[in-house]
Amino acid sequence: MTNVLFVVSECAPLIKTGGLADVAGALPRALADHGGEVRVLLPGYRSVLDKLGKTTTAQKLPDLFGGKARLLACKVAGLDLLILDAPHLYDRDGGIYGDETGKDWDDNPERFAALCKAGAMIADAGVDGWRPGIVHGHDWQAGLTPEYMHDLGCDVPFVFTIHNIAFHGNVAGERLDALGLDYGRFDADHFEFWGQISALKAGLMGAAKITTVSRTYAEELLTPDFGMGMDGVLRHRQPDLAGIVNGIDLDAWNPETDPNITPYKATAGKSPNKKAVQAAFGLRKADGPLCVLVSRLTEQKGIDLLLEALPALLDRGGQLALLGSGDPRLEVALHEAAAGHPNVSVKIGYDEALSHLMMAGGDVVLVPSRFEPCGLTQLYGLRYGTLPLVALTGGLADTVINASPAALASGVATGFQFYPVTAQALSNSFVRLCDLYGQPKAWRKAQRNAMAQPVGWETSAAEYHEIYASLAGASS
Ligand code: ADP
């Protein structure tokens with residue numbers, strides 16, 4: 001396989017706000033089986049620099065968007081990293097995209113343009129004697145990379161993956177100079193989007209191949225309902241668009257070895273974990289299923305639908321343990337729900353270890369998203385024998401086999417899907433869920449099916465490899 005440079009704004013285990021980081025951390029290792037070398041270019045946020053061991057300075061960049069920068073090479077958790085150390089852009093308190101209040105940093109366009117520019121320079125001239133044959137950018141933060149590559153006359157093929165189309169990285173056209181972009185390309189064929197500079201569109205138009213993280217999301221993106229304004233651009237690029245479902249890291253998420261849980265092989269071993277989750281959340285033993293949910297709290301994730309549908313679960317003796325953070329209004333609404341019912345408990349915050357325990361101890365993992373490019377927590381649920389209850393959309397549609405009467409009769413069900421994505425349909429699925437929970441034999445069969453699903457990276461890494469190979473072959 002040819003060498004590949006990932007350009008990405010987060011990467012597990014160093015820095016993570018969502019599924020993008022999981023993919024950037026796991027896919028390079030999965031690709032290693034195909035030969036070739038993947039290096040991951042990542043901003044040197046303060047919290048990232050704090051976690052690095054030994055680094056070497058691979059390159060100095062005397063002026064990158066108003067300050068000195070350098071590329072640090074290092075290895076972390078089996079990943080070959082190139083860290084863009086640019087203190088004027090990344091060394092600050094607060095989050096990686098915004099301040100403590102959640103407000104985006106004003107200089108985000110420059111912060112991520114710098115990442116793209118560094119990526120383009122590596123593509124063009126190599127670093128440390130290493131050169132990529134493919135540049136693979138992820139989401140809008142990497143979108144301007146092909147623009148800077150074009151300016152340098154670099155024709156290394158660019159692959160662009162959409163993890164979530166909701167974020168466009170738009171900025172007023174007046175910032176063209178500040179971002180060092182070519183006025184001549186500020187048009188509909190490149191990165192102009194309704195009078196603004198759109199980093200996302202730059203990536204979509206500049207990519208030789210576009211991928212997104214499930215087949216269903218690849219189809220949904222072509223429609224106005226899901227394309228978030230980019231559906232026209234995507235229809236234009238449709239021949240080069242492919243859906244490749246995400247996998248999960250089977251070592252980090254392994255119920256037999258997970259250090260955060262009481263390990264188990266078979267579903268009977270889940271019960272000490274269930275007790276531990278109930279204890280952690282202050283819930284008592286209950287007759288119904290323990291439903292867990294781990295998520296960013298945003299409109300996308302359908303938390304409001306869950307709150308509306310919750311009585312259908314609670315009336316049947318079910319429980320909810322929820323871990324998440326985000327929209328303050330949703331946090332308040334969740335606290336109110338928890339205060340109003342002894343079988344609802346909520347923890348606001350981000351807690352990796354607890355999220356593992358919840359996957360091990362839950363009976364059901366809930367993902368009631370309005371849209372979901374792939375979704376990872378339903379995959380963790382499958383692996384841990386925690387049946388997913390999901391909205392029928394995006395990757396949730398592709399990864400769960402609904403417990404329909406036919407699927408139950410033929411013994412292939414792995415979870416529950418509801419459609420349309422409404423509180424009423426979710427309520428109905430809570431009823432179905434509780435009915436099945438009352439049939440231990442059928443429930444255990446579904447759990448075994450879930451645990452037998454292939455949720456690793458093997459197949460998907462091979463699909464990415466095929467794309468790289470076709471492009472590298474075409475360009476050489
Ligand atoms: P998204 O990328 O839209 O946030 P995904 O389901 O693709 O959704 O990925 C979310 C990832 O972040 C999962 O690994 C999930 O476990 C993790 N996560 C989200 N919120 C929390 C939280 N509060 N604590 C721990 N992990 C979380």
Side-chain angles (χ1 to χ4, degrees), residues 8-27 95-97 102 138-141 161-167 212-214 216-217 220 226 228 243-254 258 260-261 277 280-281 292-303 306 321-328 330-331 334 345-362 365-384 386 388-391 393-400 415 455 457 460:
V8 67
S9 59
E10 42 187 285
C11 180
L14 283 172
I15 181 80
K16 167 168 161 178
T17 71
L20 170 62
D22 291 288
V23 176
L27 179 56
I96 62 173
Y97 304 125
H138 300 265
D139 273 353
W140 76 264
Q141 293 89 348
T161 296
I162 306 162
H163 297 262
N164 193 336
I165 199 102
F167 308 107
T212 189
V213 290
S214 67
T216 296
Y217 194 56
E220 289 173 344
F226 289 91
M228 307 244 177
I244 303 178
V245 73
N246 284 338
I248 59 171
D249 183 333
L250 296 182
D251 296 327
W253 293 92
N254 182 350
D258 192 330
N260 306 290
I261 70 169
V277 174
F281 279 85
V292 298
L293 189 153
V294 180
S295 182
R296 293 184 292 119
L297 302 178
T298 66
E299 154 98 11
Q300 173 195 341
K301 300 294 181 177
I303 306 298
L306 170 63
L322 185 148
L323 168 66
S325 63
D327 184 338
L330 288 172
E331 292 182 0
L334 284 165
S345 180
V346 170
K347 284 190 191 288
I348 300 300
Y350 190 96
D351 189 334
E352 189 78 30
L354 182 60
S355 75
H356 282 246
L357 182 64
M358 291 167 75
M359 290 305 152
V365 54
L366 303 177
V367 197
S369 305
R370 291 194 161 81
F371 67 94
E372 194 57 78
C374 178
L376 292 176
T377 57
Q378 85 280 10
L379 301 179
Y380 305 150
L382 291 170
R383 176 111 166 113
Y384 282 64
T386 303
L389 189 167
V390 305
T393 186
L396 304 173
D398 297 356
T399 53
V400 174
V455 290
W457 271 105
S460 299

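What you are looking at is a predicted structure, and each value in this text was computed from that prediction instead of being measured. Whatever order the structure lists ligands and atoms in, that order sets their numbers, starting from 1. Residue numbers start at 1 and run along the sequence shown.
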In this structure, CD1 of I165 is separated from CZ of F371 (nearest 0.5 Å) by 9.5 Å
Close N/O pairs between ligand 1 and protein, under 3.5 Å:
| from | atom 1 | to | atom 2 | distance (Å) |
| --- | --- | --- | --- | --- |
| ligand 1 | 2 (O) | G19 | N | 2.7 |
| ligand 1 | 3 (O) | R296 | NH2 | 2.7 |
| ligand 1 | 3 (O) | K301 | NZ | 2.8 |
| ligand 1 | 4 (O) | R296 | NE | 2.7 |
| ligand 1 | 6 (O) | L376 | N | 3.0 |
| ligand 1 | 8 (O) | K301 | NZ | 3.1 |
| ligand 1 | 9 (O) | G19 | N | 3.1 |
| ligand 1 | 14 (O) | K16 | NZ | 2.9 |
| ligand 1 | 14 (O) | D22 | OD2 | 3.1 |
| ligand 1 | 14 (O) | Y380 | OH | 2.7 |
| ligand 1 | 23 (N) | G349 | O | 2.8 |
| ligand 1 | 24 (N) | D351 | N | 3.1 |

When the ring centroid of W253 is compared with that of Y380, is the distance short of 6.0 Å?
yes
Test side-chain contact (heavy atoms from CB on, under 4.5 Å) applied to P388 and V365, T377, V367, the passing residue
V365
Rounded at 0.5 Å granularity, tell me how far CG in L389 sits from CG in L306.
9.5 Å
Taken to the nearest 0.5 Å, the spacing of K347 NZ from L354 CG works out to 6.5 Å
Interatomic distance, NE2@H163 vs OG1@T212, rounded to 0.5 Å, equals 8.0 Å
